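What you see is a predicted model; the values in this text were computed from it and never measured. Within every chain, numbering begins at 1; the chains are lettered A, B, ... in the order of the sequence lines, protein sequences first and strands thereafter.
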There are 2 protein chains.
Amino acid sequence: MARKTGDKYQAIIDAAVKVIARHGYHHAQVSKIAREANVADGTIYLYFKNKDDILISLFKEKMGSFFETTHHHLNELDRAEDKLRELIHLHFSLLSENRDLAIVTQIELRQSDPDIRYQIGVTMKRYFQIIDDIVSQGIEEGVFRDDLDVRIIRRMIFGTIDEAITAWVMKDQKYDIVSLTDSFHSLFVNGLRAR
Amino acid sequence: MARKTGDKYQAIIDAAVKVIARHGYHHAQVSKIAREANVADGTIYLYFKNKDDILISLFKEKMGSFFETTHHHLNELDRAEDKLRELIHLHFSLLSENRDLAIVTQIELRQSDPDIRYQIGVTMKRYFQIIDDIVSQGIEEGVFRDDLDVRIIRRMIFGTIDEAITAWVMKDQKYDIVSLTDSFHSLFVNGLRAR
DNA sequence: TTATGGTGACTGAATGTTCATTCATTGTGT
DNA sequence: ACACAATGAATGAACATTCAGTCACCATAA
């Protein structure tokens, strides 16, 4: 059980992304994922404990590596404001370039047992930490306001990005979301008030 | 089928909220909902087309009436800024006062077939329209910036509120979210920049 | 007043389907 | 000839939905 390496492990995860994106969570039977991965039904269980484990692993693998990439990119930059722009840009880019993954993470994987949800939550914490760090840095630099809880600010940033991507996915990705990076950045930093 | 009135119709919807909140979507069998509503399994099908129809109706009834309330409250106010504060306040209040409903709408109902999702989307449009109206009014009044698409601003407002409530639900509602109204309002209006 | 019949709401056991999971068997490389 | 990977048909559990039967109530007539 649960060998975490090998071509088949990756093949099954990629097949799962494809099948779930195309048919929806409720019609993503194990047998369908197996066929897409060119593997027998039983083989799935040599690599994953059960069906939930496929979904948890999928999220950890795909999002985990995205978070790593983000972390490294941000380290190249100095100012909190620039880091924030880069974060928005990377988030929009990644999901633009992976439509299937966007559908799965924004829509299909939101349905799940407490188990899966819990595991997703654990993985997400790393991302929240990255955002919190940017905000804290901005406050220290004196360019971000210091009268609000960091978590409130983080929720605005994450909630807005998340909602924007979900809307983009729902609209069948008809517009270029990456080009909206600066609008969102400016909205965060300058707020709603006319000036 | 689908009598939309009567005690039992409401009883079944309320039972569904309770059962889904307590046991999660995947363990909310029709028979469990029936038992909670003090009704036989078969009776459900006198009032609802099928299980999905329960969920769709649940969302329409509960959220629909919330949107109405919101709409009326906002009409009592003049300035866009005040309307925005009231919107945040109402949204936080409603879901604070209905823990079960909050769990169901924020978490459990996000899992669902395209069908349910579509119907939820239709219902949500009314709410998005309410937010869009506030934003448009603010721009006309000259107090909100006019260089961004109204929908981008709406996504910030809705996304932030939604994320905040989800986080509150996930943390087992350990803090008073209503008291955060002004923080969020100030964050929207004044943005992130130190001043 | 009491029997009769009709109506429609309600019941819940039985049905049938849909999969996730298992495991006896087969294949492959060394 | 051994070890290990892979197979896929068979299993059984879960559960939405159905429907033949019961019940409660009312109107009418004797």
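- Ion pair B:Asp41/B:Lys32 not flagged as a salt bridge, since none of the NZ, NE, NH1 or NH2 atoms sits closer than 4.0 Å to an Asp/Glu carboxylate oxygen.
- Look at B:Tyr45 and you won't find any side-chain N or O under 4.0 angstrom from OP1 or OP2 of C:dT11.
- The side chain of B:Ala40 has C:dT11 as its nearest neighbour among C:dT11, D:dA16, D:dA9.
- Closest approach to the B:Thr43 side chain among C:dT11, D:dT17, C:dT21 is made by C:dT11 (side chain taken as heavy atoms from C-beta onward).
- Rounded to an integer number of Å, the gap from CG of A:Asn38 to P of D:dA5 is 20 Å.
- The nearest whole Å value for the distance from the NZ atom in B:Lys49 to the C1' atom in D:dT18 is 17 Å.
- B:Ile44 places its CD1 atom 12 Å from the P atom of C:dC10, with the value rounded to the nearest Å.
- Between the CD1 atom of A:Ile33 and the P atom of D:dG8 there is a distance of 17 Å, given to the nearest Å.
- OP1 and OP2 of C:dA9 both lie 4.0 Å or more from every side-chain N or O belonging to B:Tyr47.
- Between B:Tyr25 and B:Glu108, the closest heavy-atom pair is N-OE1, 2.9 Å.
- In this structure, B:Lys83 forms no cation-pi arrangement with B:Phe144, as its terminal cationic atom is not both closer than 6.0 Å to the ring centre and no more than 45° off the ring axis.
- When the side-chain nitrogen and oxygen atoms of A:Lys8 are compared with OP1 and OP2 of D:dA6, one or more of them lie within a distance under 4.0 Å.
- Proximity of the aromatic rings of B:Tyr127 and B:Phe67 is defined here by a centroid distance below 6.0 angstrom, and this criterion is met.
- Between the CD atom of A:Gln29 and the P atom of C:dA20 there is a distance of 6 Å, given to the nearest Å.
- Remark: P of C:dC19 and CG of A:Asn50 are 17 Å apart, rounded to the nearest angstrom.
- Out of D:dA6, C:dC19, C:dT11, the shortest distance to the side chain of B:Leu46 is found at C:dT11.
- Distance B:Asp41 CG to C:dA14 P: 13 Å, rounded to the nearest Å.
- No side-chain N or O of B:Gln137 forms a donor-acceptor pair with one of B:Asp133 less than 3.5 Å apart.
- We find that NZ of A:Lys32 is positioned 14 Å from C1' of C:dA20, with the value rounded to whole Å.
- Across the interface with DNA chain C, nearest-nucleotide mapping of A:His27 and A:Gly42 shows A:His27 to be the residue nearer the 5′ end.
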